[in-house]
Amino acid sequence: MNSSSTIQRFLLENLDIRGAVVRLTDVWQALQRERDYPPAVAGLLGEMVAVCAVIAGNLKQPGRLTFQARSDGPVTYLVVDCSEALNLRGFAKAEDFRPKDGLPSLLGGGQLQLSLETEGLEQPYQSIVPLEGSSIAEIFTYYLEQSEQQPTGLWLACDQDASVALFVQKLPGADLKDPDGWTRVHTLAETVHDKELLFLPTAALLQRLFAEEDVRLYPPRAVTHDWPREPEKIADLLLTLGEEEVRAMLSENGDLIIRDELSSHTYRFDIATINALFQPHTLH
């Protein structure tokens with residue numbers, strides 16, 4: 001699958017500070033399709049998927065990274081997952097949504113859970129932190145600094161066309177190269193504006209922010225949203241529910257519609273398909 005969405009890592013070589021720029025365009029537009037999110041809810045989800053791509057881009061082995069934010073606010077659930085191959089998906093659930101200013105009023109109190117599935121682990125690694133901060137950037141900066149024990153900076157911007165993240169992180173040997181390097185870089189990064197994040201190409205953005213630094217920019221990696229339909233998996237789920245419950249779920253016109261929100265697929269089972277599903281001997 002060709003994608004215009006990318007993550008591009010960089011290194012401030014003389015300072016031992018690493019970073020990345022995530023730019024999601026077609027992937028972010030696909031995640032919004034047929035969902036009708038209010039702009040504030042879309043903004044939260046867009047920022048969260050950009051951050052997830054940043055962190056997944058640092059995975060060193062095959063696996064899948066999942067972030068789930070649960071809250072007692074109007075936005076009750078945000079979930080995003082991404083593989084080490086940067087195949088990304090996610091969705092948001094909002095109830096009784098009334099637009100208000102600021103993240104705390106949207107999410108309320110809650111927690112952020114990380115799950116990491118990797119080869120060789122019988123159970124996924126899990127970590128839970130409170131939703132600390134007044135923005136998605138602050139929540140994930142807190143999470144990253146707690147989990148990686150390194151000073152971190154994160155700046156996010158999102159509109160209906162693109163979701164972008166700028167990430168910088170101080171490496172353990174940075175102070176030996178330049179004791180003031182981290183303070184200088186973080187201060188420069190804080191001058192970035194949303195429009196610059198959304199519209200400047202990555203190289204131009206880094207040149208604007210860190211013109212006096214020696215920046216090594218690595219080749220971009222594609223981020224995708226490529227989750228094939230799995231009707232057999234949905235059929236197995238219906239069999240598990242049982243015939244009585246499934247028939248009770250049929251609509252007035254005899255159809256059963258199941259929406260896989262995470263992978264952005266809709267499955268429709270008509271009455272003939274349901275009959276065949278619970279009469280295996282009629283299937284060939």
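Heavy atoms only: backbone and side chains are in, while hydrogens, waters and symmetry mates are out.
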Q. Do the charged groups of R184 and E213 touch, with an N to O distance under 4.0 Å?
A.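 Salt bridge flag = yes for E213 with R184.
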Does any N or O in the side chain of [X] come within less than 3.5 Å of the main-chain N or O of [Y], such that one atom is a donor and the other an acceptor?
X: R23; Y: L197; answer: yes
X: E245; Y: G242; answer: no
X: D16; Y: P172; answer: no
X: T6; Y: P220; answer: no
X: K177; Y: E13; answer: yes
X: T240; Y: D236; answer: yes
X: Q68; Y: Q113; answer: no
X: Q32; Y: Q160; answer: yes

About how many Å separate [atom2] of [Y] and [atom1] of [X], when rounded to the nearest 0.5 Å?
X: Y125; Y: L116; atom1: OH; atom2: CG; answer: 8.5 Å
X: L154; Y: I139; atom1: CG; atom2: CD1; answer: 11.0 Å
X: L156; Y: L198; atom1: CG; atom2: CG; answer: 10.5 Å

Can you tell me if [X] has over 12 outside heavy atoms packed within less than 6.0 Å of its [atom1]?
X: E244; atom1: CD; result: no
X: D214; atom1: CG; result: yes
X: E132; atom1: CD; result: yes
X: K93; atom1: NZ; result: no

Q | Contacts of type side-chain contact (heavy atoms from CB on, under 4.5 Å), residue D161, not counting sequence neighbours | A |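 For D161 the side-chain contact (heavy atoms from CB on, under 4.5 Å) partners, ignoring immediate neighbours, are Q29, D159.
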(Q) Could you work out, with side-chain contact (heavy atoms from CB on, under 4.5 Å) as the rule, every residue matching A92, not counting sequence neighbours? (A)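 A92 satisfies side-chain contact (heavy atoms from CB on, under 4.5 Å) with Y37, V41, L45, L78 once adjacent residues are dropped.
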Q: Check whether any side-chain heavy atom of V22 sits under 4.5 Å from a side-chain heavy atom of F167, and report yes or no.
A: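 Counting from C-beta outward, V22 and F167 never come under 4.5 Å.
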